[in-house]
Amino acid sequence: MTEYNLCVIQGDGVGHEVIPCAVEVLQRVLPNLNLIPAEAGWACFERTGNALPEETINRISACGAALFGAVSSPSTKVAGYRSPIVQMRQRFDLYANLRPTRGLETGVARTGGFQKGVSTQPAPVDLIIVRENTQGLYSGRETMRGDEAIAERVITRAASERIARVAFELASHRAHQHVTIVHKANILPITDGTFRDAVRGVAASYPDVQVDELLVDTAAMHLASQPQRFDVVVTTNLFGDILSDVASVWGGGMGVAPALNKGTQVAIAEPVHGSAPDIAGQGIANPAGAILSAALLLRYHWGLAGEAERVEQAVYGAIDAGYRTKDLGGSFTTRQVADAIMERC
Ligand code: NAI
Ligand code: MG
């Protein structure tokens, strides 16, 4: 039997509550899973002076796969502190951030799910945002020049082509086979022009996949009003970050949204949400985002689509059956929802 190794980094805040649930679910579907714990985050920085110890890097490398909760990052500059997730993305060249949203049958999701003149039934929301994960405004090049605060937005043709290939490969295996390129090339003709042209070039190798383009502001409006028009969305780093939060609303919001950071060697799954200090320690965080992130690791890193589907069905089955935490309008605890998911997978 194949053995699977997973580095487990709970991080800060609700990471300590949701990651153990996701680990339990993974152990259920993968009996041959070896778990290697590691540390990162704000508490780790306060204790050791390093938010991402070298030992953690080594353990992630050794495993090739990690499950990461969230960290608390200060919003003002703290000497010596850098967000560990951004560091990990650069260190392991995790150039693709996959952020799917599947429509949840909540009141919110229903209201926007109707397309006039197309059908009397709401089309389900089933989209995936493919976010370039190493460049753009996350290049870390920020400076002060006199009174000017400057951030450099780095885009290369090579990085744009490789994220485009991820998007088109994904689309070519999906039912709708459609990619939307999202950019702002009208205002940023050099950086986003480079991105758009690179993606168009890759598109030419996928004649079966339909392609369209949207400016990022229009894309945000469509994501909020008619999310079912999207299948695969490919975009630059910050746009992908923001748009995936917009899209997440259709899937039940922050507590449900999953993500996978993927490179050629290493993949790190992490829920989209942060450390949620407002609810941390109360046992009411939604474990769905962390568990669905673990499912992305199964599907896109280990190639275990059947197991991934099993986990996803269990999560959506539990939510449909009414096992909902407060963020989804319920009153169940993290533990109760996790138990309901475990029973179903
Ligand atoms: P957040 O995602 O932690 O919280 C936003 C809202 O969503 C809050 O109302 C929170 O209660 C809710 N929420 C988040 N996760 C939830 C869950 N599992 N179940 C139910 N509700 C949930 O974002 P916020 O408040 O902007 O940031 C808090 C801290 O997290 C900051 O220090 C920030 O830097 C950090 N952060 C870390 C991220 C990461 O490690 N990848 C990503 C985003 C924020
Ligand atoms: Mg974000």
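We count ligands from 1, going down the list as the structure has it; atoms in each ligand are counted the same way.
Proximity of a side-chain donor or acceptor of H16 to a complementary backbone N or O of G69 within less than 3.5 Å is not detected. The closest donor-acceptor contact from the side chain of D12 to the backbone of S72 lies under 3.5 Å. Of the possible donor and acceptor atoms, none in the side chain of Q27 sits under 3.5 Å from a partner among the backbone N and O of N32. Formation of a donor-acceptor pair under 3.5 Å by the H183 side chain with backbone atoms of A185 is found in this model. Panel note: side chain E307, backbone L298; no donor-acceptor pair is recorded below 3.5 Å. Between the side chain of R153 and the backbone N or O of G136, no donor-acceptor pair lies under 3.5 Å. At distances below 3.5 Å, at least one donor-acceptor pair connects side-chain atoms of R59 with backbone N or O atoms of P37.
Under a 4.0 Å criterion applied to the non-hydrogen atoms of D278, ligand 1 contributes the atoms 8 (C), 9 (O), 10 (C), 11 (O). Ligand-side atoms of ligand 1 in range of A285: 18 (N), 19 (N), range being under 4.0 angstrom from any heavy atom. Residue-ligand proximity, S72 to ligand 1, at heavy-atom distances under 4.0 Å covers atoms 32 (O). Under a 4.0 Å criterion applied to the non-hydrogen atoms of G255, ligand 1 contributes the atoms 17 (C), 18 (N), 19 (N). Close approach of ligand 1 to E270 is summarised as follows: ligand atoms under 4.0 Å from at least one heavy atom of the residue are 41 (N).
H222 and F230 have tilted rings, their planes meeting at an angle from 30° to 60° on a 0 to 90° scale.
Distances from atom 33 (C) of ligand 1 to the heavy atoms of A288, A70, S73 put S73 nearest. Relative to atom 28 (C) of ligand 1, the option among P277, A290, G274 with the closest non-hydrogen atom is P277. Nearest-residue assignment for atom 40 (O) of ligand 1 (options V71, I279, V18; heavy-atom criterion): V71.
Checked against a 3.5 angstrom limit, the closest N/O atoms of N286 and ligand 1 fall inside it. On a distance-only criterion, I284 and ligand 1 share no N/O pair closer than 3.5 Å.
Residue K326 does not touch ligand 1, judged by heavy-atom distances below 4.0 Å.
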